Amino acid sequence: MRILAIESSCDETSVAIVEDGKKVLSNVVFTQIDIHTKFGGVVPEIASRHHIEKITYVIDEAMEKANLTFDDIDKIAVTAKPGLVGSLMVGINAAKTLGLCYNKEVIMVDHIHGHIYANYLESDFNFPVLALVVSGGHTELVLMKDHMDFEIIGETLDDAVGESYDKVARVVKVGYPGGPIIDKMASMGNPTYPLPHVKLGKDSYDFSFSGLKSAVINLCNKLDMKNEELNANDLASSFQDAVVDVLREKTMRAANEFGAKQIIVAGGVAANKGLRKALEEAVSKEKDLILTFPSFKYCTDNAAMIGVAGYFQDKYK
Ligand code: KG4
Ligand code: ZN
């Protein structure tokens with residue numbers, strides 16, 4: 001089963017061809033990061049305009065790299081939700097047009113399922129699987145007892161993790177997207193600033209990151225008023241320490257409570273070095289628990305993950 005997959009939910013125009021949900025024959029990603037950097041975040045209207053400009057080229061390039069024609073493609077998968085409406089529309093229209101022209105079924109895929117299934121490229125799933133989904137728009141703990149069976153057991157009540165990384169980077173004025181920059185700065189600093197590790201009670205699997213963000217803003221304002229210098233690397237380290245501590249604690253507790261055999265980490269923040277290290281350490285103390293992350297290129301938005309999720313959606317419908 002060869003699937004041509006399209007992803008355009010935010011600021012990446014991506015097309016991939018994936019065989020049997022496992023083998024990536026091509027995965028072309030055109031990122032608009034440089035275009036949005038000067039605005040300090042994604043501007044939806046600009047994002048959709050660039051998707052329109054790029055989509056046909058990215059489709060052609062993915063077909064060329066895989067050295068295939070449309071006769072070799074069985075189905076088309078596309079990100080249907082969630083995302084920026086104008087951006088999603090471009091991918092969906094491209095998918096439906098290809099479907100009509102070449103007489104192929106179009107599979108409408110949930111972007112979050114895509115992030116989760118990016119892990120399948122690296123490892124088979126050992127159910128029950130606990131997925132920690134941490135992206136720019138989502139923070140969720142999802143329990144999977146089987147393929148395409150998703151039970152949300154906890155989620156953020158306010159900001160998503162990636163969003164709070166981007167906001168802190170904006171406050172410290174270090175650039176966009178904030179996640180990779182703050183992650184690097186954290187590795188060069190120490191967690192010297194006291195910031196809240198918000199856990200919402202010992203039984204809760206929900207998250208809240210808005211208080212942490214406010215604490216960072218208040219701290220910067222206070223230091224500014226007192227004319228004291230901020231050690232940005234130490235602040236990044238303190239922030240990352242608070243985020244990672246909360247994510248690790250809830251993930252490990254949920255894995256134990258629900259008898260997970262495997263923890264998978266999904267979404268852009270799965271690239272975070274501090275999170276990887278903390279979870280690796282925690283899982284190494286457990287018996288018979290596997291931990292997987294997607295490789296770095298499949299952590300942030302890409303169409304290969306949509307091709308994998310599309311394959312399983314089709315198989316289990
Ligand atoms: O999954 P993704 O590409 O897009 C969404 O679906 O939201 O995630 C993008 C988010 C951004 O907020 C970015 O700052 C964050 O992932 N991110 C990171 C790292 N790399 C990307 N956050 C923390 N540490 C990283 N190394
Ligand atoms: Zn995403």
Side-chain angles (χ1 to χ4, degrees), residues 5-14 16 27 29-33 36-37 39-42 44 47 51 78-84 87-88 91 109-119 131-140 142 155-156 159-172 174-189 207 209 212-213 216 236-237 239-248 264-279 293-309:
I6 301 178
E7 154 65 37
S8 71
S9 65
C10 191
D11 58 344
E12 264 91 31
T13 320
S14 180
N27 180 48
V29 183
F30 170 78
T31 179
Q32 303 177 6
I33 284 180
H36 298 283
T37 296
F39 304 105
V42 179
H51 284 306
V78 63
T79 304
K81 68 174 176 64
L84 303 170
S87 293
L88 286 166
V109 176
D110 185 298
H111 183 78
I112 303 302
H113 299 173
H115 274 304
I116 291 174
Y117 271 92
N119 283 271
L132 171 66
V133 181
V134 275
S135 74
H138 294 265
T139 303
E140 286 171 4
V142 182
E155 62 193 328
T156 183
D159 295 350
V161 186
E163 185 184 2
S164 48
Y165 266 93
D166 296 336
K167 281 182 184 161
V168 166
R170 211 174 303 156
V171 174
V172 196
V174 288
Y176 171 84
I181 303 167
I182 298 285
D183 190 11
K184 193 155 176 231
M185 288 167 66
S187 70
M188 298 185 288
F207 303 91
F209 293 106
L212 176 59
K213 172 193 67 191
V216 170
S237 172
F239 169 76
Q240 181 143 306
D241 203 46
V243 170
V244 167
D245 177 41
V246 173
L247 294 177
R248 180 193 41 79
I264 64 181
V265 189
V269 187
N272 187 272
K273 302 234 172 53
L275 179 62
R276 285 178 176 240
K277 188 162 168 262
L279 284 176
F293 295 91
S295 59
F296 286 110
K297 67 176 176 223
Y298 297 128
C299 283
T300 45
D301 291 349
N302 66 86
M305 67 186 197
I306 302 302
V308 184

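Ligands are counted one by one from 1 in listed order, and the atoms in each one are counted from 1 as well. In what follows, residues are counted from 1 in the order of the sequence shown. Computed from a predicted structure; not experimentally measured. Reckoned from all heavy atoms, side chains included, excluding hydrogens, waters and symmetry mates.
Of all heavy-atom pairs spanning G178 and A169, the tightest one is CA-CB, 3.3 Å. Closest approach of S9 and T79 over heavy atoms only: CB-CG2, 3.9 Å. Scanning all heavy atoms of the two residues, the minimum distance from L88 to P82 falls at CD1-C, 4.1 Å. Heavy-atom minimum distance, F293 versus V265: CE2-CG2, 3.4 Å. Summarising the geometry of A160 relative to S135, their closest heavy-atom pair is CB-O, 3.7 Å, with the distance given to 0.1 Å.
Set against the non-hydrogen atoms of G136, the atoms of ligand 1 under 4.0 Å away are 5 (C), 7 (O), 8 (O), 9 (C), 10 (C), 12 (O). Near S135, meaning under 4.0 Å from one of its heavy atoms, ligand 1 places the atoms 1 (O), 5 (C), 6 (O), 7 (O). In the vicinity of G137, heavy-atom distances shorter than 4.0 Å reach the ligand 1 atoms 7 (O). Every atom of ligand 1 is numbered from 1 in the order shown, and the set under 4.0 Å from a heavy atom of G162 is 12 (O).
Counting only heavy atoms from C-beta outward, the side chains of E163 and K213 never approach each other to under 4.5 Å.
For the residue pair H111 and E7, a side-chain donor N or O sits within less than 3.5 Å of a side-chain acceptor on the partner. T13 and H51 are linked by a side-chain donor-acceptor pair at a separation below 3.5 angstrom, with hydrogens and angles left out of the test. No side-chain donor from either of E12 and N302 sits under 3.5 Å from a side-chain acceptor of the other. Side-chain contact annotation: Y298 with N27, donor-acceptor N/O pair under 3.5 Å absent.
One of the N, O or S atoms belonging to H115 lies under 2.8 Å away from the Zn ion (ligand 2). At a cut-off of 2.8 Å, H138 does not coordinate the Zn ion (ligand 2) through any N, O or S atom.
The distance criterion of under 3.5 Å between nitrogen or oxygen atoms is not met by P177 with respect to ligand 1. Residue T300 has no nitrogen or oxygen atom sitting less than 3.5 Å from a nitrogen or oxygen atom of ligand 1, judged on distance alone.
When non-hydrogen atoms are compared, ligand 1 lies under 4.0 Å from neither the backbone nor the side chain of E12. Contacts with ligand 1 closer than 4.0 Å are made by side-chain heavy atoms of D166 only, the backbone lying farther away.
Shortest distance from the Zn ion (ligand 2) to H111 is reached at NE2 (N/O/S atoms only). The N, O or S atom of D301 with the smallest distance to the Zn ion (ligand 2) is OD1.
Among all protein heavy atoms, the one lying closest to atom 2 (P) of ligand 1 is D301 OD1, 3.4 Å. Looking from atom 24 (N) of ligand 1 to the surrounding protein, the closest heavy atom is N272 ND2, 2.9 Å.
Taking the ring centroids of Y176 and F39, they lie at or beyond the 6.0 Å cut-off.
Put simply, part of A271 is less than 4.0 Å from ligand 1, judged by heavy atoms. By the 4.0 Å heavy-atom criterion, H111 is counted among the residues contacting ligand 1.
Remark: among candidates I112, D11, D183, V244, the nearest residue to atom 26 (N) of ligand 1 is D183, based on non-hydrogen atoms. The option from G179, G268, S164, G178 that lies nearest to atom 21 (C) of ligand 1, judged by heavy atoms, is G268.
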